[in-house]
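In what follows, a structure is listed as structure tokens, so that the remarks can point back to it.
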Amino acid sequence: MNQSEAELIKKLQQGEQQSFADIVGLYQDMVYNTVVSIVQNELDAEDITQEVFVQVYQSIGSFKGEAKLSTWLYRIAIAKALDSEKKKKRKKRFAFIQNLFGEHGEEQYNPVEFNHPGVQLENKENAAVLFKALKQIPDNQRIAFTLNKIEGLNNQEIAAIMNTSFYAVESLLARAKSSLKKSLKNYYLQESNKKNEHEK
Amino acid sequence: MKNNNNMEQEIEAALNSLNNVERASPAPYLLTRIQARLNNPVKNTWENIAGFISRPAVMVAGICLLVIINISVLFYKNYNTSKITTERSFTTAADEEDEYNNLAVIDNIENQ
């Protein structure tokens, strides 16, 4: 942890409001970008980002400074994003039951194609396919891949956030890539089958 | 073969589509919205309890518990009923035997 970061935390622990505003200003993009890449929905990401900073404000007293502030923020953001996904899945199941009884609940929980706002225009289409594939791989692989590719973190930093070893991250990234390849292959096979059927 | 090569290229393109991705930013005035949230907490305790109870796992566990209690009460009741019936039948047999013995004694006295 650097000097200014330690000072910010100390001031916030003493109840200084300006330091909280500084922390939000410094880390809001980092938190939002991580969350939006996991939940793949801008409105949900906005809401979760607020929750993350509310939690930071409420539990800064228990922050001992053993990890970097950014590491702590990443951990909270990832936990909240995954939790929100679980809640959404529960709601989706409930909507399915509603549908069985004739109410139209499921439509609002069915995800539409996600376009990350930071992806370059020429890559938008491919990135949307990749985000779809990301939803199909295990959580720890997805988190490692997201932190590496979207947040640009190295293996050491990812290991600190995920509370694991450097080599475990290396293995997670390799497995993530292989799972994504499989998933993408299935997607493109289905697409080419659809195209062939359409041509017939 | 050509199709396979195309697919490999498409997969690689998709995997590399996040190269040079820029950070996404939240909508403006995030701090104001966070402060509003801090001043007006969204959920109270009752809402938290209702949220916990309405979880599918909790609901299913609750229903299972109710079913188990019902079944155990039913079994317990049946067991008690059969026990009382058996006791009653034993008591009746013993009473009949006593009555028979008494009659035999009376007969003996009368004959003497």
Side-chain angles (χ1 to χ4, degrees), chain A residues 17 20-21 24-25 28-37 42-43 45-47 49-54 56-58 87 90 93-94 97 116-120 122-133 145-146 148-152 177 180-185 187-189 191-192, chain B residues 1-70:
Chain A
Q17 292 298 310
F20 180 63
V24 173
Q28 60 177 3
D29 287 358
M30 179 195 94
V31 170
Y32 178 76
N33 190 46
T34 308
V35 172
V36 82
S37 308
E42 289 180 56
L43 280 176
E46 193 74 52
D47 201 45
T49 305
Q50 289 176 31
E51 275 179 34
V52 170
F53 285 107
V54 167
V56 167
Y57 186 83
Q58 287 168 342
K87 276 184 194 162
R90 273 208 297 268
R93 278 200 294 269
F94 183 65
I97 294 167
H116 189 284
V119 172
Q120 287 171 346
E122 66 267 25
N123 288 334
K124 288 259 179 213
E125 209 175 311
N126 283 329
V129 177
L130 182 63
F131 272 109
K132 208 182 248 183
F145 186 86
T146 304
N148 178 252
K149 278 278 181 181
I150 300 174
E151 270 297 296
K177 217 170 174 185
L180 283 171
K181 271 187 181 172
K182 253 185 221 167
S183 183
L184 287 167
K185 197 173 183 180
Y187 172 81
Y188 285 121
L189 271 175
E191 284 297 301
S192 83
Chain B
M1 190 69 185
K2 197 181 172 187
N3 272 344
N4 267 348
N5 280 342
N6 274 344
M7 199 179 285
E8 287 297 322
Q9 277 174 0
E10 277 177 321
I11 291 169
E12 277 307 310
L15 283 173
N16 294 328
S17 63
L18 294 179
N19 290 349
N20 305 321
V21 64
E22 284 170 20
R23 258 186 180 163
S25 300
Y29 310 113
L30 179 73
L31 180 64
T32 317
R33 290 196 299 280
I34 294 168
Q35 280 166 340
R37 206 173 239 215
L38 279 168
N39 295 332
N40 307 303
V42 186
K43 279 186 176 178
N44 62 31
T45 322
W46 286 111
E47 279 172 331
N48 278 333
I49 293 169
F52 177 74
I53 292 170
S54 63
R55 283 182 179 182
V58 178
M59 278 167 71
V60 169
I63 291 167
C64 286
L65 195 71
L66 270 177
V67 169
I68 289 167
I69 289 171
N70 272 308

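Letters A, B, ... mirror the listed sequences (proteins, then strands); counts begin at 1.
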Measure the shortest side-chain to side-chain distance between [X] and [Y] over non-hydrogen atoms and say whether it is less than 4.5 angstrom.
X        : Y        : result
Asp47(A) : Arg37(B) : yes
Leu31(B) : Phe53(A) : no
Tyr32(A) : Leu30(B) : no

To the nearest 0.5 Å, tell me how far Leu18(B) CG sits from Asn123(A) CG.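 That separation rounds to 8.0 Å.
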Roughly how far apart are Glu12(B) CD and Asn126(A) CG, rounded to 0.5 Å?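 Interatomic distance, Glu12(B) CD to Asn126(A) CG, rounded to 0.5 Å: 11.0 Å.
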Report which part of [X] has an atom under 4.5 Å of a heavy atom belonging to chain B: side chain, backbone, both, or neither.
X         : answer
Phe145(A) : side chain
Gln120(A) : side chain
Leu180(A) : side chain
Tyr57(A)  : side chain

Do Glu10(B) and Lys185(A) sit within salt-bridge range, that is, some charged N less than 4.0 Å from a carboxylate O?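 Salt bridge absent between Glu10(B) and Lys185(A).
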Taking all atoms of both residues into account, what is the closest heavy-atom pair of [X] and [Y], and its distance?
X        : Y         : value
Val21(B) : Lys149(A) : CG1-O, 3.7 Å
Ala14(B) : Tyr188(A) : CB-OH, 3.8 Å
Ala27(B) : Glu46(A)  : N-OE1, 3.1 Å
Ser17(B) : Leu130(A) : OG-CD2, 3.8 Å

Among [options], residue most engaged with chain B (heavy-atom pairs, under 4.5 Å):
options                                   : value
His116(A), Met30(A), Gln17(A), Lys177(A)  : Met30(A)
Val129(A), Leu189(A), Val119(A), Val54(A) : Val54(A)
Glu125(A), Glu51(A), Glu191(A)            : Glu51(A)

Output all residues satisfying side chain to side chain donor-acceptor pair (under 3.5 Å) with Glu151(A), sequence neighbours left out; order by chain, then residue number.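 Testing Glu151(A) for side chain to side chain donor-acceptor pair (under 3.5 Å), a comparison that skips the adjacent residues, returns Asn33(A), Tyr74(A), Arg23(B).
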Is it the case that more than 12 heavy atoms not belonging to Lys182(A) sit under 6.0 Å from its NZ atom?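 Counting other residues, nucleotides and ligands, NZ of Lys182(A) stays at 12 neighbours or fewer.
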